[in-house]
Amino acid sequence: MKFLGSLAIWRRDMLVLRRSILSELVAVVAYPLTIYLAFGIGMKGYIGQVEGVPYSMFIAPGLITMTAVNAAYSESVWSLWFHRRVQFTIESYRVTPVSVSEIVVAKILSGFTHGLVKGLTVALVIFAITPFRFEPVNLLAYMAFLLPGSALFSCAGIISGTIMDKPETIGKVEAVFIMPLIFMSGLFFPLSSYPAAMAPWIKAFPTTALFEGARQTLTSGGFPIGFALQVTVTALLTFVAAVLIFRWKMAE
Amino acid sequence: MTIALRTHVLTKKYGQLTALDSFDLEVDQGSIFGLLGPNGAGKTTLIRILTTLMRQSSGEAFIQGLDTRVSGREIRALIGVVSQENSLDRYLTARENLELHARLHGMQAGHYRRRIDELLELMGLAGRQKDFPDSFSGGMQRRLVVTRALVHEPRVLFLDEPTTGLDPQSRRAVWDYVRSIAGSMTIFLTTHYLEEAEQLCDRIAIMDHGRLIAQGTTQELKERLSGGTVYEIEFDDEIEWYAALLKGMACVLDMNVVGRMVHVGLESWECLSEVVSALHGAPVRRISLRERTLEDVFISLTGAGVRE
């Protein structure tokens, strides 16, 4: 498979991102920062420590990761929907020698890059205003979660943007699937809070593996390999699903 | 003459609906070929199969000798497509739109920069190349879409209703450009404007219900119309009396009255002298031959009813 087409589309998306980077970053930083200030600082006095770390430190890795994967999902879903249904640029790509798979790969890469840039920005802001710190070497292990995690959400965005023809449906899917997956996966509380009967189900979520793994790598320097595999395998499966669904939709 | 595009018993079914029914077509290299048909006739389905966006249910289609079923990538490298929608990227400038298209075709920067400069100049868009398409008029946007389809120097250019929604000046500008590139590439045009087909196309095909129902030059298609010739006779007065007189004549096939004008269909032009003799002394202001138009042919072949 040639990927020159993917590269061309990704370059286009990066050019557009570069043009609007300031407004994008202001918007993307506002949400996790508000949550951090409200929960991390506002609730700190009531919650104290969670699993041996201050509550504000407990939620910081999750907020950085949430920003990245949310950005990856939003970019993919809206970009694909807009290019397919409003601007018809997907159609103009498809009458060039570029394959359908190349278009999907490009959009996944773009979503992924958005996630990375925005996650990094939120991380820098959290570093700047809070005492949250970690060993630089932990970053390598964290990447083993962030990269497949962003790819996973980017692929999920591709699937949503491919299947859904109405923009309001995209918002509903975010409310019904994406946000519960993120919030129920132990982003703001330890998994031990769940009743024993629920715990195995919650642990089966790829988002649980992602957020738990991200937290463990950044705060304690551990590397939960099971969680890393779970996120990676889910990302690969979602990628295959995204390519197949996009091909099927384009053939309609 | 080399064949640029050929279909053989091409069929496309959507469930029970047959959108293309054993469609056979040949388009000569370097010609401008027009495809006409009412809404739902199957034109878009045909174009989507020819541009490899859709796969046929059965039959064959070849572009420059390449089979659409197995050589999609190679075919797409050879074709340019101007779709009905203005699929321009509103977040890229005019020039960036063209550069993206060139990169999707794998062109080298040195090559495509020169080519884009030439095309922008030729299409009168050089001065606006750094502007975003949203700030362009409809005619300029359409010209940019056509320019984009030409960046990679295609061998076959598909123009799917290229002038829909344009004002007469912009439409004529697109026509002029299409004429200027004719011969260097094969042009496959669909349009609802019969005048456009008449002005531009070397050959025209009319399709309906997924089938090819007529094909030829404009003149050949007009000659297919049966029913002899139609004359328009304008009277100053006593229209009813003379209309009745004409209706009673053996060589008058059909007749209708519109205001002061009587439209008379004759068996042949030889009957005209008989009509003129019968109207001797009548208050006739004008007698003129009404030329058959492509629209007459189109309506006679596809019917006058409005399609959903």
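Per chain, numbering begins at 1; letters A, B, ... match sequence-line order.
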Please round to the nearest 0.5 Å and tell me the distance separating atom [atom1] of [X] and atom [atom2] of [Y].
X: B:Leu53; Y: A:Glu91; atom1: CG; atom2: CD; answer: 5.0 Å
X: A:Thr96; Y: B:Arg103; atom1: OG1; atom2: CZ; answer: 12.5 Å
X: B:Glu85; Y: A:Ser92; atom1: CD; atom2: OG; answer: 10.5 Å

Quick check on [X]: does its [atom1] atom have over 12 non-hydrogen neighbours (other residues, nucleotides or ligands) under 6.0 Å away?
X: B:Phe62; atom1: CZ; answer: yes
X: B:Glu60; atom1: CD; answer: yes
X: A:Glu168; atom1: CD; answer: yes
X: A:Phe177; atom1: CZ; answer: no

To check you understand the geometry: which heavy-atom pair defines the closest contact between [X] and [Y], and what is its length?
X: B:Asp89; Y: A:His83; value: OD2-CE1, 4.0 Å
X: A:Arg94; Y: B:Arg76; value: O-CD, 2.9 Å
X: B:Arg73; Y: A:Ser99; value: NH2-CB, 3.7 Å

Heavy atom to heavy atom, less than 4.5 Å: which residues from residues 8-27 of chain A reach chain B?
A:Ala8, A:Ile9, A:Arg11, A:Arg12, A:Leu15, A:Val16, A:Arg19
Chain A contact via [X] - side chain, backbone, both or neither, heavy atoms under 4.5 Å:
X: B:Glu96; value: side chain
X: B:Asn97; value: neither
X: B:Leu88; value: backbone

Largest heavy-atom contact set with chain A, pairs under 4.5 Å, which of B:Ile79, B:Thr52, B:Val81, B:Ile75:
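Ranked by contacts with chain A, first place is B:Val81.
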Do you know which of B:Glu99, B:His152, B:His101, B:Arg48 has the most heavy-atom pairs with chain A at a distance under 4.5 angstrom?
B:Arg48
Would you find a donor on one side and an acceptor on the other, under 3.5 Å apart, between the side chain of A:Gln87 and the backbone of B:Arg90?
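Here the side-chain-to-backbone pair exists.
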Starting from the C-alpha separation in whole Å, work towards a yes-or-no answer on side-chain contact (heavy atoms from CB on, under 4.5 Å) for B:Leu100 and A:Tyr93.
CA-CA 9 Å; B:Leu100 171 60; A:Tyr93 299 161; 3.8 Å; yes
